[in-house]
Amino acid sequence: MISLPLVYTVLALIAYTSSFWYLFIHLMSKRSPNLWCYGLMVGLGLILHGTVLYQDMLTPLGVNYDVFNLMSFTSGLMLLLSLILSLIRPILPLNLIGTPVAAFGLILGFALGQPNQIIEQHSFGLDLHIILSLSAYAVLLMATIHAVLLWFQDRELKKKQKKRIWVNLLPPFQIMESVLFDLIITGFGLLTAALLFGFFTIDNFFAQHLAHKTAFSIISWFLYGALLIGHYKFGWRGRKAIRFTITGFVLLAIGFIGSKFVLEMILGR
């Protein structure tokens with residue numbers, strides 16, 4: 001018998017795929033997409049994505065914070081934030097990246113999610129810490145993808161290539177760089193709040209295997225902070241900003257996803 005989560009997952013993937021190709025075809029043919037039509041397709045996919053997550057994460061025993069559920073949640077949140085940001089800034093083409101990421105996260109969560117990672121006793125402070133952490137991760141993931149795209153643009157501009165795929169497809173380099181620092185500022189603020197709530201709401205970091213995760217998060221926090229100070233005080237930008245952004249996120253991912261993956265999938269804790 002076909003389950004409802006499977007039906008919702010398939011419908012969400014259809015909505016994501018339709019929105020991706022609709023946007024891609026319009027951008028490649030230099031036509032302006034209908035924002036209402038595009039937003040409706042993406043919104044439908046996000047609602048179905050959220051429905052699958054709701055059934056997987058909220059159980060009668062508590063909240064299921066399985067690593068693949070968290071990947072699915074983060075990828076969907078990233079697409080939602082990307083869609084909202086594209087309504088404010090002229091960066092609609094970036095949703096061509098966010099949509100496949102959300103679809104891939106949804107597939108991982110549905111196919112590989114484990115039902116036994118339940119937090120039975122949790123407080124409002126702990127829930128807020130987790131939400132802030134996931135939000136920071138989603139925004140900084142967007143910033144990292146943004147930095148990679150900036151690197152492609154910078155490479156095409158400096159090598160003076162005749163076929164400039166990324167320069168022609170994406171918004172101008174200056175706008176992309178401005179959005180990058182908007183994302184870093186937002187992610188840095190969310191990460192700061194998440195760390196503060198974590199220190200005040202989580203007891204005994206070592207017993208909960210959180211020491212390494214916290215250490216990587218703090219190092220990442222210092223890197224992003226140094227980048228922001230360097231940018232606004234010393235004018236850091238371009239490839240230096242790209243390197244700092246990617247390095248900071250790699251450290252954050254090792255602490256956030258890597259440690260959880262090792263504990264759950266390899267050590268079985």
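Just the heavy atoms: all of them, side chains too, but no hydrogens, waters or symmetry mates, feed the values below. Sequence positions, counted from 1, serve as the residue numbers for this chain.
- In this structure, the side chains of T245 and L150 stay at 4.5 Å or more apart for every pair of heavy atoms.
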Give every donor-acceptor pair under 3.5 Å between a side-chain atom in residues 172-200 and any protein atom, sequence neighbours left out.
unit_1 : atom_1 : unit_2 : atom_2 : d
E177   : OE1    : R237   : NE     : 3.0
E177   : OE1    : R237   : NH2    : 2.7
E177   : OE2    : G238   : N      : 2.9
S178   : OG     : R89    : NH2    : 3.0
D182   : OD2    : R89    : NH1    : 2.4
T186   : OG1    : D182   : O      : 2.9
T192   : OG1    : F188   : O      : 2.7
T192   : OG1    : W221   : NE1    : 2.7

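- Linking ILVMFWY side-chain heavy atoms closer than 4.5 Å, directly or via other members, places Y232 and F234 in a single hydrophobic cluster.
- Here L79 contributes atom CG and M142 contributes atom CE; the two are 9.0 Å apart, rounded to the nearest 0.5 Å.
- The two residues T99 and Y38 have their closest heavy-atom pair at OG1-OH, 3.9 Å.
- Taken from NE2 in H49 to CG in L13, the straight-line distance is 9.0 Å, to the nearest 0.5 Å.
- For the side chain to side chain contact (heavy atoms under 4.5 Å, CB included) criterion with L132, the lone passing option out of I130, L128, L134 is L128.
- Minimum interatomic distance between G105 and S75 (heavy atoms only, all atoms of both residues): CA-OG, 3.4 Å.
- Atom-to-atom distance recorded for L149:CG and I242:CD1 is 9.5 Å, nearest 0.5 angstrom.
- Judged purely by atom type and a 3.5 angstrom limit, S82 has no side-chain atom pairing as donor or acceptor with the backbone of M78.
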Could you check C37 against M41 for side-chain contact (heavy atoms from CB on, under 4.5 Å), going step by step and ending with a plain yes or no? CA-CA 6 Å; C37 181; M41 287 187 286; 4.1 Å; yes
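- Within the 4.5 Å cutoff, the side chain of F20 has heavy atoms near those of the P100 side chain.
- In this structure, the side chains of I246 and W151 stay at 4.5 Å or more apart for every pair of heavy atoms.
- Y224 contributes a side-chain N or O that, together with a main-chain N or O of F249, makes up a donor-acceptor pair within less than 3.5 Å.
- The distance from atom CD1 of I47 to atom CG of L11, rounded to the nearest 0.5 Å, is 12.5 Å.
- Here the CG-CZ distance, from L108 to F68, works out to 6.5 Å after rounding to the nearest 0.5 Å.
- Looking at S18, its side chain never comes within 3.5 Å of a backbone N or O of A15 through a donor-acceptor pair.
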Decide side-chain contact (heavy atoms from CB on, under 4.5 Å) for W36 and L40; before the verdict, give the C-alpha distance in whole Å, the side-chain angles of both, and the deciding distance to 0.1 Å. CA-CA 6 Å; W36 284 104; L40 183 63; over 6 Å; no
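- Ring planes of H26 and Y22: tilted class, angle from 30 to 60°.
- Judged by distance alone, with hydrogens and angles left aside, the side-chain atoms of T247 form no donor-acceptor pair with the main-chain N or O of F244 at under 3.5 Å.
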Give the C-alpha distance, both sets of side-chain angles, the deciding distance and a yes or no for side-chain contact (heavy atoms from CB on, under 4.5 Å) between H146 and I97. CA-CA 9 Å; H146 211 84; I97 305 295; over 6 Å; no
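- With a 6.0 Å radius and a threshold of 12 heavy atoms from other residues, nucleotides or ligands, F222 has its CZ atom at or below the threshold.
- The shortest heavy-atom contact between A253 and Y137 is CB-OH, 3.8 Å.
- Of all the heavy atoms in L23 and P33, the pair that sits closest is CD1-CG, 3.8 Å.
- Between G109 and S72, the closest heavy-atom pair is CA-CB, 4.0 Å.
- Nearest heavy atoms, A241 versus L227: CA-CD1, 3.7 Å.
- Of the inter-residue distances, the one linking L223 atom CG with R243 atom CZ reads 12.5 Å to the nearest 0.5 angstrom.
- Between L85 and L81 there is no side-chain heavy-atom pair separated by less than 4.5 Å.
- For the pair N95 and V42, the minimum side-chain heavy-atom distance is 4.5 Å or more.
- I131 and Y54 fall into different hydrophobic clusters, defined by Ile, Leu, Val, Met, Phe, Trp and Tyr side-chain heavy atoms under 4.5 Å apart, directly or through other members.
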Show the numbers, then the answer: is there a side-chain contact (heavy atoms from CB on, under 4.5 Å) between L106 and T9? CA-CA 7 Å; L106 175 60; T9 299; 4.0 Å; yes
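- Within the 4.5 Å cutoff, the side chain of I229 has no heavy atoms near those of the W236 side chain.
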